[in-house]
Amino acid sequence: MTTHKIALYPGDGIGQEVVDATVAVLDALQEKAGGFALETTRFPWGVDYYDDHGEIVADDYLDQLRGFDAILLGAVGYPARLPDHITLSPLVRIRQAYDLYACLRPAKLYRGVTSPLRASDSESNPIDMLVLRENSEGEYLPLGGRYKVGRQEEVAVQTAVHSRIGVERILRFGFDLARERRKHLTMVTKSNALRYGFVLWDEVLDVVRGDYPDVTTDKIHADAVAMDFVRRPEYFDVVVGSNLFGDLLTDLSGVITGGLGLAPSANIDPTREYPSVFEPVHGSAPDIHRQGVANPIACLLSAVMMLEWLGEKGPGATLQKAIEVTLADGCHTPDLGGSLKTVEVVSSVIERL
Ligand code: NAD
Ligand code: IPM
Ligand code: MN
């Protein structure tokens, strides 16, 4: 029996609720599927930890997480209690310090789920795309500063860094994913306005695509991609974008496939030197915190991605199937128009494992 060491980092708000829900389902899955075990360790970091310790995470949190096989994260941030740039920085740091450069964010319209796009339903007009977000550099590097702070003439500089190696490796990762899917890759650019960074992206695409003649490619400016996610979402297969474009576009890909309550993500270090982080795309949703109505499915689908990454493809497929049947059977939380509580969706999934 293989045992995988999993760090649980529930974080804030509904992050804790969806991680609790996911642990309950994973416990049931271990019993039903057999052959593998997850040994979990829970870390209490977040705004509550801040109240007790004066910091969001332990000083050595990166060392503490280092030895795990994977990290399952709920969500971080609670703006009413602490500014976001403080609560969110440990998460951004994990991604950068562990070089989790590939952030996969699939968005699929499942049977039984209604898209807000009237023309889309899973049978006649399927949406099934995977946004691959560059996760280690780009617009998210903490490079910059503020000068003449608080004065009328204050300036702030925030520098984006796009490296040839960084762009090339995420594109190659995207091409490899496209080969396992519908063999089409769209690169998000903005080279019409951002003449250094995104012209580099364009040039690297032109080089790399030559190695993947079996994959069709195009590049579309980020604004037009946003429009096309609404106008013709079924067109997209693998969509590769920079850190910030990937962030923006995955709230959109999430909502057109039923909402953030269904949108999973995986922050991957393809070299496996560091533990990868699996987390829903959504945040801590303070507006529904403690109401017991958070949709646990985004976190459950992130757990499926985690199981696949750990090599547990059978149990991952079992969980994926149970989630799909749960959705198709109309077992929905209020964000999907249903009336079930988080715990009722958990029971529904467990019944269907
Ligand atoms: P959010 O994703 O938390 O919520 C946006 C909307 O979607 C809300 O109406 C919320 O109720 C709904 N929603 C989100 N997840 C849901 C779920 N599982 N079930 C049902 N409804 C759900 O975004 P926000 O309100 O902009 O941010 C809240 C906090 O979360 C902020 O501090 C923000 O910075 C942080 N945040 C964290 C992450 C992360 O941890 N990866 C991601 C995004 C936002
Ligand atoms: C996400 C979030 C994060 C991001 C925040 C929490 C820093 O919005 O994972 O999509 O911008 O990457
Ligand atoms: Mn986001």
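The figures that follow rest on heavy atoms only: side chains count, while hydrogens, waters and symmetry mates do not. Read the numbers this way: they start at 1 and go in the same order the structure lists the ligands and their atoms. Computed from a prediction, not measured in an experiment: that's the story for all the values here. Counting from 1, the numbers follow the sequence of the chain as shown.
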Open item on the list: Please classify the Arg95 to ligand 2 contact at 4.0 Å (heavy-atom distances, strictly less than): side chain, backbone, both or neither.
Closed with: side chain
Open item on the list: Heavy-atom distances under 4.0 Å decide this one: backbone, side chain, both or neither, for Val92 against ligand 2?
Closed with: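 Answer for Val92: side chain.
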Open item on the list: Check contact between Arg105 and ligand 2, using heavy atoms of the residue and a distance below 4.0 angstrom.
Closed with: yes
Task: 4.0 Å heavy-atom contact, Arg133 with ligand 2 - done: yes
Open item on the list: Under a plain distance cut-off of 3.5 Å, with no hydrogens placed, do Ser276 and Asp269 share a side-chain donor-acceptor pair?
Closed with: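 No, because no side-chain N or O of Asp269 sits under 3.5 Å from a partner of the opposite role on Ser276.
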Task: Tyr98-Asn267 side chain donor-acceptor pair, cut-off 3.5 Å - done: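 The answer is no; no qualifying pair exists.
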Task: Shortest heavy-atom approach to atom 2 (C) of ligand 2 - which of Asp247, Leu260, Asn267 - done: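 Shortest heavy-atom distance from atom 2 (C) of ligand 2: Asp247.
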Task: Nearest neighbour of atom 35 (C) of ligand 1 from the list Thr333, Val76, Ile297, on a heavy-atom basis - done: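 That would be Val76.
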Nearest neighbour in protein (non-hydrogen) for [atom]:
{"atom": "atom 28 (C) of ligand 1", "answer": "Pro286 CD, 3.7 Å"}
{"atom": "atom 34 (O) of ligand 1", "answer": "Asp84 OD2, 2.8 Å"}
{"atom": "atom 11 (O) of ligand 2", "answer": "Tyr140 OH, 2.5 Å"}
{"atom": "atom 30 (O) of ligand 1", "answer": "Ser284 N, 3.1 Å"}
{"atom": "atom 8 (C) of ligand 1", "answer": "Asp287 OD2, 3.3 Å"}
{"atom": "atom 22 (C) of ligand 1", "answer": "Ile288 CD1, 4.0 Å"}
{"atom": "atom 36 (N) of ligand 1", "answer": "Gly283 CA, 3.4 Å"}
{"atom": "atom 7 (O) of ligand 1", "answer": "Leu260 CD1, 4.4 Å"}
{"atom": "atom 13 (N) of ligand 1", "answer": "Ala285 CB, 4.2 Å"}

Task: Near-ring test Tyr235/His184, centroid separation under 6.0 angstrom - done: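 His184 vs Tyr235: aromatic centres under 6.0 Å.
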Carboxylate-amine/guanidinium proximity below 4.0 Å for [X] and [Y]:
{"X": "Asp214", "Y": "Arg179", "value": "yes"}
{"X": "Glu168", "Y": "Arg172", "value": "yes"}
{"X": "Asp329", "Y": "Arg352", "value": "yes"}

Please report whether [atom] has a protein non-hydrogen atom at a separation of less than 4.0 Å.
{"atom": "atom 11 (O) of ligand 1", "result": "yes"}
{"atom": "atom 26 (O) of ligand 1", "result": "no"}
{"atom": "atom 40 (O) of ligand 1", "result": "yes"}

TODO: Not counting sequence neighbours, list each pair that qualifies as a salt bridge (Lys or Arg N to Asp or Glu O under 4.0 Å) and has a residue in residues 17-39.
DONE: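 Qualifying pairs: Asp20-Arg42.
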- [ ] Under 2.8 Å from the Mn ion (ligand 3), how many protein N/O/S atoms do you get? Just the number, please.
- [x] 1
Open item on the list: Considering both backbone and side-chain atoms of Glu279, is one of its nitrogen or oxygen atoms within less than 3.5 Å of a nitrogen or oxygen in ligand 2?
Closed with: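 It does not: no N or O of Glu279 is found under 3.5 Å from an N or O of ligand 2.
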- [ ] Mind telling me whether His4 and Phe36 have parallel, tilted or perpendicular rings, with 30° and 60° as the class edges?
- [x] tilted
